[in-house]
Peer 1: 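The structure follows.
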Amino acid sequence: MKNPRRVCEVCVVLYLIPFLCWVESVNGIGANWGTQSSHPLPPDIVVRMLVDNGIQKVKLFDADYGALRALSKSGIEVMVGIPNDMLATMASSMKAAERWVSKNVSAHLSNGVSISYVAVGNEPFLATYNGSFLRTTFPALKNIQAALVKAGIATKVKVTVPQNADVYESSTGVPSAGDFRADIHDYIFQITKFLNDNGSPFTVNIYPFISLYIDSNFPVEYAFFDGQATPVNDGGTTYTNMFDANYDTLVWALQKNGLANMGIIVGEIGWPSDGDRNGNNEYAQRFMQGFMTRIAGGKGTPMRQGPIEAYLFSLIDEDEKSIQPGNFERHWGVFYYDGQPKYSLNLGTTTNGALVPARNLKYLQRKWCVLKDSVKMDDPSIAQSVSYACALGDCTSLGYGTSCGDLDAKQNISYAFNSYYQINNQLDEACKFPNVSTVTKDDPSTGTCRFGIMIEPYYAGADKKVGSCGFVVGVVMLLVMVL
């Protein structure tokens with residue numbers, strides 16, 4: 001899914017590939033590694049997490065140098081990405097495409113990074129983009145492919161375009177009626193045919209959670225894999241979960257457009273653990289374990305037998321993702337922001353069947369910023385302070401049905417204050433909300449609500465301290481509101 005940066009950062013193969021041949025090369029589970037975080041884990045720690053958990057493939061949303069350097073000689077297969085805001089440049093300039101490939105692919109291949117795919121854009125035809133990337137995606141794709149050919153690496157590195165599942169649809173609600181969405185049919189067909197002609201896969205992001213989120217009438221059990229849903233019959237083929245039905249809708253769409261044997265990658269699949277009444281650890285564990293168990297046997301779907309290549313979404317929570325789609329956006333990780341597992345999940349890759357946490361992390365001091373006990377709740381500065389703290393912190397765990405949904409009013413305020421305080425590295429000035437806040441060493445966490453302690457900031461480069469951006473701007477904002 002699209003991962004916009006915080007506002008504060010602005011301030012300062014062969015013509016047809018037989019399916020059986022395709023699946024022979026598919027081994028292991030993958031994960032999406034997003035970096036839209038105030039305090040991203042150091043890349044070497046993330047790569048160690050991937051290795052420790054037996055995750056053999058990783059999908060990036062850009063071509064971050066630090067991440068790629070850490071992946072060198074790890075044996076992990078990598079998909080690098082070209083963000084949507086670069087598509088116009090790639091589309092209009094062959095030279096720009098060649099430079100990008102040279103810098104972000106060829107150079108890293110030479111340094112032992114196992115790059116297998118370049119993702120050109122990310123869900124560029126998403127309906128909510130209103131056609132913004134319709135005319136630049138295909139030219140960008142062609143230029144990147146040509147650049148790979150010129151660099152002599154096109155047989156090793158394939159292009160793909162991760163698409164949201166909304167690029168295809170079913171007129172009757174069953175998979176066999178699947179076809180590409182009518183309003184973008186010609187665009188998606190020319191891209192898909194080009195990919196197939198060049199031995200590249202169709203990459204799709206499938207999210208049963210989103211269907212449940214946007215439709216209150218969606219049958220909850222149909223989102224999961226344990227067979228408790230009312231089956232859907234499609235001409236004698238039975239579907240008991242949405243993933244199989246959605247995947248096969250794509251298979252039918254490809255088949256109807258003469259691309260029956262095209263390879264498919266599930267670029268993103270996951271379930272958030274917070275930020276919505278249906279986003280919780282229980283549902284996330286149920287879905288993720290159900291999916292892993294579902295694909296472990298390698299039987300595929302009714303229309304596509306055989307192993308499914310998939311990348312879990314996502315590896316780690318990202319507290320700077322846009323929450324425009326919903327507060328759940330910051331909680332897709334199988335691991336919390338600090339690399340600690342959220343729930344039990346057997347990936348089938350470790351000896352004891354348990355997730356392995358991040359190692360050798362350093363945390364800030366065990367202290368929290370909270371509301372003063374003596375403060376009266378009618379103090380007018382409280383509302384302004386909370387509004388400010390949530391605007392520059394992360395309050396997505398507050399609200400109905402969330403992990404912190406049972407907090408009282410004072411605890412909600414404390415949570416907001418502490419979020420801002422931790423994101424700003426526990427600076428003294430970050431807990432000086434006008435006469436209403438104080439620092440405590442007593443952990444205010446309660447029940448399912450975790451008042452976090454931030455990890456030490458990762459220095460991504462000289463004089464660059466991750467996590468402190470926005471503090472000065474934030475102080476100015478607070479002063480403006482108070483005065």
Side-chain angles (χ1 to χ4, degrees), residues 13-18 21-28 30-33 43 47 50 55-84 86-122 124 136-163 190-203 259 261-265 267 309 311:
V13 104
L14 304 170
Y15 183 73
L16 289 175
I17 307 172
C21 294
W22 171 267
V23 300
E24 284 176 0
S25 65
V26 176
N27 293 294
N32 285 268
W33 176 3
V47 172
L50 293 168
I55 297 172
Q56 300 173 24
K57 305 170 190 291
V58 69
K59 178 168 164 279
L60 308 177
F61 292 92
D62 49 25
D64 180 75
Y65 178 80
L68 289 167
R69 181 175 58 181
L71 286 161
S72 175
K73 298 179 176 63
S74 66
I76 296 171
E77 182 180 299
V78 182
M79 181 186 296
V80 295
I82 298 175
N84 290 339
M86 293 180 64
L87 291 178
T89 299
M90 297 298 127
S92 62
S93 171
M94 186 62 213
K95 289 293 185 183
E98 290 173 358
R99 285 193 299 268
W100 191 94
V101 166
S102 175
K103 176 183 178 182
N104 298 296
V105 182
S106 299
H108 292 292
L109 285 173
S110 299
N111 289 327
V113 183
S114 300
I115 298 175
S116 297
Y117 297 106
V118 174
V120 181
N122 186 50
T136 54
T137 303
F138 188 36
L141 176 66
K142 289 190 292 184
N143 282 350
I144 292 296
Q145 173 65 21
L148 293 171
V149 171
K150 185 173 181 179
I153 55 177
T155 57
K156 177 184 295 186
V157 182
K158 297 297 182 181
V159 288
T160 189
V161 181
Q163 300 285 4
Q190 64 180 356
I191 285 175
T192 305
K193 186 177 185 302
F194 180 84
L195 291 172
N196 189 65
D197 289 351
N198 286 280
S200 297
F202 189 108
T203 301
L259 304 166
N261 297 316
M262 186 174 185
I264 297 174
I265 291 176
E309 183 170 4
Y311 294 78

Peer 1: At their closest point, which heavy atom of Ile55 faces which heavy atom of Ile76, and how far apart are they?
Peer 2: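 Shortest heavy-atom contact: O-CG1, 3.9 Å.
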Peer 1: Where do Ser72 and Val113 come nearest, in terms of heavy atoms and distance?
Peer 2: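 Smallest heavy-atom distance, with atoms named: CA-CG2, 3.8 Å.
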Peer 1: Are any side-chain N or O atoms of Thr160 and backbone N or O atoms of Pro201, one a donor and one an acceptor, separated by less than 3.5 Å?
Peer 2: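 Pair found, side chain donor or acceptor close to backbone of Pro201.
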Peer 1: Output, in order, the C-alpha distance, side-chain angles, deciding distance and verdict of side chain to side chain contact (heavy atoms under 4.5 Å, CB included) for Val118 and Trp100.
Peer 2: CA-CA 11 Å; Val118 174; Trp100 191 94; 3.8 Å; yes
Peer 1: Would you call the rings of His108 and Tyr65 parallel, tilted or perpendicular, where under 30° means parallel and over 60° means perpendicular?
Peer 2: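 Rings of His108 and Tyr65: tilted, as their planes differ by 30° to 60°.
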Peer 1: Hey, could you give me the OG/OH distance between Ser200 and Tyr117, rounded to the nearest 0.5 Å?
Peer 2: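 Those atoms lie 8.0 Å apart.
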Peer 1: Can you find a heavy atom in the side chain of Val80 that is under 4.5 Å from one in the side chain of Val157?
Peer 2: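 Counting from C-beta outward, Val80 and Val157 never come under 4.5 Å.
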Peer 1: May I ask you to decide if Ala88's main-chain N or O and Ser92's side chain share a donor-acceptor pair within less than 3.5 Å?
Peer 2: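 It does hold such a pair.
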Peer 1: Can you see which heavy atom on Val149 is nearest to which on Ala154, and at what distance?
Peer 2: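 Distance-wise, the nearest heavy atoms are CG2-CB, 3.6 Å.
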Peer 1: Do the non-hydrogen side-chain atoms of Met90 and Val120 ever get within less than 4.5 Å of each other?
Peer 2: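 Side-chain contact under 4.5 Å: no.
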Peer 1: Could you please spell out the steps behind the side chain to side chain contact (heavy atoms under 4.5 Å, CB included) verdict for Ile115 and Ile153?
Peer 2: CA-CA 10 Å; Ile115 298 175; Ile153 55 177; over 6 Å; no
Peer 1: State, with a plain yes or no, whether a side-chain heavy atom of Met86 is found less than 4.5 Å away from one of Asp62.
Peer 2: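 Met86 vs Asp62: side chains apart.
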Peer 1: Which one of Val58, Leu50, Val47 satisfies the side chain to side chain contact (heavy atoms under 4.5 Å, CB included) criterion with Ser74?
Peer 2: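 That would be Val47.
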Peer 1: What closest approach, in Å, do Gly81 and Pro83 show between heavy atoms, and which atom pair accounts for it?
Peer 2: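 Minimum heavy-atom contact is O-CD, 3.7 Å.
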Peer 1: Are the side chain of Thr136 and the backbone of Ala91 linked by a donor-acceptor contact shorter than 3.5 Å?
Peer 2: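 Checking the backbone N and O of Ala91 against the side chain of Thr136, no donor-acceptor pair under 3.5 Å is found.
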Peer 1: Rounded to the nearest 0.5 Å, what separation is found between the CG atom of Asn143 and the CG atom of Leu148?
Peer 2: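 So the CG of Asn143 and the CG of Leu148 are separated by 11.0 Å.
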Peer 1: Are Asn32 and Phe61 packed together at the side-chain level, in the sense that at least one heavy-atom pair is separated by less than 4.5 angstrom?
Peer 2: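 SC-SC contact between Asn32 and Phe61 confirmed.
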Peer 1: Nearest 0.5 Å please: distance from the NZ atom of Lys57 over to the OG atom of Ser114.
Peer 2: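 So the gap between those two atoms works out to 10.5 Å.
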Peer 1: Could you measure the distance from the NZ atom of Lys59 to the CE atom of Met79? Nearest 0.5 Å is fine.
Peer 2: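 The distance works out to 6.5 Å.
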Peer 1: So does Asn122 get a backbone contact from the side chain of Asn84, meaning a donor-acceptor N/O pair under 3.5 Å?
Peer 2: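 The answer is yes, because a donor-acceptor pair under 3.5 Å joins these two groups.
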Peer 1: Can you confirm whether Leu259 sits close enough to Phe202 that some side-chain heavy atom of one is under 4.5 Å from a side-chain heavy atom of the other?
Peer 2: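 Not in contact.
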Peer 1: For Gly121 versus Pro162, what's the shortest heavy-atom pair and its separation?
Peer 2: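 Answer, listing the atom of Gly121 first, then Pro162: O-CD, 3.4 Å.
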Peer 1: Please examine the side chains of Gln163 and Pro124, heavy atoms only from C-beta on, and report whether any two atoms are closer than 4.5 Å.
Peer 2: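 Yes, at least one pair of side-chain atoms sits under 4.5 Å.
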Peer 1: Would you name the heavy atoms of Ala151 and Ser106 that are closest together and state the gap between them?
Peer 2: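 Distance-wise, the nearest heavy atoms are CB-OG, 3.8 Å.
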Peer 1: Counting C-beta onward and ignoring hydrogens, is there a side-chain heavy-atom pair between Leu68 and Leu60 closer than 4.5 Å?
Peer 2: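 Leu68 reaches Leu60 side chain to side chain.
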Peer 1: Tell me whether Lys158 contacts the main-chain N or O of Asn198 through its side chain, where contact means a donor paired with an acceptor under 3.5 Å.
Peer 2: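 A pair under 3.5 Å: yes.
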Peer 1: Rounded to the nearest 0.5 Å, what separation is found between the CZ atom of Arg99 and the CG atom of Asn104?
Peer 2: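 Between Arg99 CZ and Asn104 CG, I get 12.0 Å after rounding to 0.5 Å.
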Peer 1: For the residue pair Trp33 and Val78, establish whether any side-chain heavy-atom pair is separated by less than 4.5 Å.
Peer 2: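 Side-chain contact under 4.5 Å: no.
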